[in-house]
Structure formats: structure tokens, C-alpha cells
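We use all heavy atoms of the structure for the numbers below, so side chains are in, but hydrogens, waters and symmetry mates are not.
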Amino acid sequence: MNESTKVLYRELQERYVKVLWTHKIHLCQASIYKKNNKCHNTILAVLSVLVSAAAITNVLKWLPEKFMVPVLAILSLALTFFTVLFKAENLSKMAAENEHFAATMHDLRNRYAGLLADIKAGIMADNEIKVKRETLEYEENLIYSGIVPSTTQKAVDAAEEVLKYKQDSTTTDEEIRLLVSPNLQIE
């Protein structure tokens, strides 16, 4: 690989890594939203059951009536508060937006990986690499010029865990040997 190709290759590696991180962060954020949504739905279900008059009287029958009314009022307020709070967040929609954005970034990541493979295989001239790079950069800019769902530090930390330490996007030679049919492997 000549020096100019190495420079192009290095730049594309950096773009690939950035797209890889963005993809994984958005997947992790979607997972966080789904987990929170499940938790919120559980809270709403529990509060709904507790607020029902039959459940309150059976569960709290040991309480004098003068205490049961305030307890019921507090639980009703809590149910109303959490219902309004959770409806406003719409975690399912937010998770779907992050998943859609992650899928878009996954496609872009794969196209960067394909370009890197073509360069490493030596089947592209520098001018072809530049044209393909500019096309991918343009598409990346279009993606980012749209609505990009928000993420949290928690999602970034989760992405770091799976990418760096669990090597979620890395395939080892051992995995290939075990999972890819022998007739599809290169020796």
C-alpha cells in the first residue's frame, strides 16, 4: 500500500470507528428506554392495583379509616403523577427512534467496512477511494443533518463496555472457525 493510500485508509478507519460508536450508543440508548419503559409500566400497574378500592380495603384493613383515606389519596396522586410523567416521556417511541437511527448507522458502518476491505485488498486506486469516501461523507452528513435522537452518558458508558471490553463488534478467528462453514473459509 503506497503512502497516499495509507493516509486515506487511516482517515476511513477513523470514520468507521466513529460510525461504529454512534451505532452502538444508539442501540444502547434504545435498550435503556425499553428497560425504563418496562419499569414504568410495572410501577403504573402496581399503583393501579393499589389504588383500586377493593385492594386498598383488603390490604390495609388493619388501618383505621381515618388513615386509609389519606393513604388512598396519596396513592391516587402518585398514580396520576406517574401516568402523566410516563405518557409525556413516551419511551417506546424514543426507543424506536434510536433503533431506527442505529440501523441507519449500521448500514453506513458496513459500507465503510466494505471500502476498507476493498482498499486493503488493493482493488481500488486512490482516485476511486476518494470518490467513494466523498460519497460516504455526503451520506453521513445527510444522516446527521436530519433529526438525531438524543442519547445519555449511560448509553455511552454501556457502548464503551460492549465495544471495548466485551468486543461486541469484533469477530475472532476462533469464532469464524467455529461458525462459518468450512467450505466458506479461506485457509
Side-chain angles (χ1 to χ4, degrees), residues 1 3 5-44 46 82 85-86 88-124 129 132-187:
M1 194 179 298
E3 284 306 309
T5 305
K6 285 180 183 178
V7 170
L8 293 168
Y9 190 83
R10 175 69 177 137
E11 180 194 0
L12 288 164
Q13 282 180 314
E14 289 180 19
R15 288 190 162 291
Y16 169 81
V17 168
K18 289 174 185 174
V19 170
L20 173 70
W21 270 97
T22 302
H23 165 253
K24 192 55 69 177
I25 290 168
H26 282 275
L27 278 183
C28 290
Q29 187 64 57
S31 178
I32 290 167
Y33 286 145
K34 286 179 177 180
K35 182 180 175 187
N36 288 347
N37 191 48
K38 185 176 180 181
C39 178
H40 292 174
N41 287 338
T42 301
I43 290 170
L44 288 176
V46 168
F82 282 110
L85 175 69
F86 299 156
E89 282 189 320
N90 198 350
L91 295 173
S92 294
K93 181 182 178 206
M94 293 163 70
E97 289 169 352
N98 281 100
E99 285 177 331
H100 181 266
F101 192 80
T104 302
M105 296 309 288
H106 183 264
D107 175 61
L108 187 61
R109 180 193 84 175
N110 287 345
R111 290 191 287 146
Y112 271 116
L115 178 57
L116 290 170
D118 290 347
I119 295 168
K120 191 169 181 180
I123 61 173
M124 295 182 78
I129 296 169
K132 185 66 175 172
R133 179 196 65 194
E134 288 170 359
T135 300
L136 289 172
E137 287 172 352
Y138 177 76
E139 291 176 26
E140 189 176 342
N141 289 335
L142 281 178
I143 293 167
Y144 280 114
S145 69
I147 297 173
V148 178
S150 63
T151 58
T152 61
Q153 186 60 45
K154 188 174 179 180
V156 173
D157 295 342
E160 180 177 30
E161 174 70 22
V162 295
L163 288 174
K164 286 185 176 179
Y165 306 112
K166 293 182 181 177
Q167 297 186 335
D168 183 61
S169 290
T170 304
T171 306
T172 65
D173 290 339
E174 179 68 12
E175 286 177 303
I176 291 170
R177 188 184 64 72
L178 291 171
L179 300 174
V180 176
S181 173
N183 64 314
L184 299 176
Q185 294 183 30
I186 296 174
E187 295 181 27

Practice task
Applying side-chain contact (heavy atoms from CB on, under 4.5 Å), run through L20 and M105 and close with a yes or a no.
Solution key: CA-CA 7 Å; L20 173 70; M105 296 309 288; over 6 Å; no
Problem - Carboxylate-amine/guanidinium contact D107 R111, below 4.0 Å - result: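 Salt bridge present between D107 and R111.
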Practice task
Might you point out which heavy atoms bring Q185 and I176 nearest each other, and give the distance in Å?
Solution key: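 Heavy-atom minimum between the residues: NE2-O, 3.2 Å.
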Handout entry: Heavy-atom pair with the smallest gap, counting every atom of T170 and E175
Key =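 Shortest heavy-atom contact: O-OE1, 3.5 Å.
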Side-chain donor-acceptor pairs under 3.5 Å in residues 153-160, sequence neighbours left out?
residue: Q153; atom: NE2; partner: D157; partner atom: OD1; Å: 2.8
residue: E160; atom: OE2; partner: K164; partner atom: NZ; Å: 3.2

Working to the nearest 0.5 Å, report the span between [atom1] of [X] and [atom2] of [Y].
X    : Y    : atom1 : atom2 : result
M1   : L8   : CE    : CG    : 10.0 Å
N98  : L27  : CG    : CG    : 9.0 Å
T22  : H106 : OG1   : NE2   : 13.5 Å
E174 : L179 : CD    : CG    : 9.0 Å
T104 : E139 : OG1   : CD    : 11.0 Å
K120 : D118 : NZ    : CG    : 13.0 Å

Practice task
Test D168 against K24 for side-chain contact (heavy atoms from CB on, under 4.5 Å), laying out the working first.
Solution key: CA-CA 9 Å; D168 183 61; K24 192 55 69 177; 2.3 Å; yes
Handout entry: CG/N141: more than 12 non-hydrogen atoms of other groups inside 6.0 Å
Key =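 Yes, enclosed.
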Problem - Candidates R133, Q13, E140, K132 - the one meeting side chain to side chain contact (heavy atoms under 4.5 Å, CB included) with Y112 - result: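 Only match with Y112 under side chain to side chain contact (heavy atoms under 4.5 Å, CB included): E140.
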List the atom pairs, with distances to 0.1 Å, where a side-chain N or O of residues 29-39 and a protein N or O form a donor-acceptor pair under 3.5 Å, not counting sequence neighbours.
residue: Q29; atom: OE1; partner: T152; partner atom: N; Å: 2.6
residue: Q29; atom: OE1; partner: T152; partner atom: OG1; Å: 2.8
residue: K34; atom: NZ; partner: E99; partner atom: OE2; Å: 2.4
residue: N37; atom: ND2; partner: S92; partner atom: OG; Å: 3.0

Problem - Worked check of side-chain contact (heavy atoms from CB on, under 4.5 Å) between Y9 and I129 - result: CA-CA 9 Å; Y9 190 83; I129 296 169; over 6 Å; no
Exercise for the section: Apply side-chain contact (heavy atoms from CB on, under 4.5 Å) to the pair H26 and H100, showing each step before the final yes or no. Expected result: CA-CA 9 Å; H26 282 275; H100 181 266; over 6 Å; no
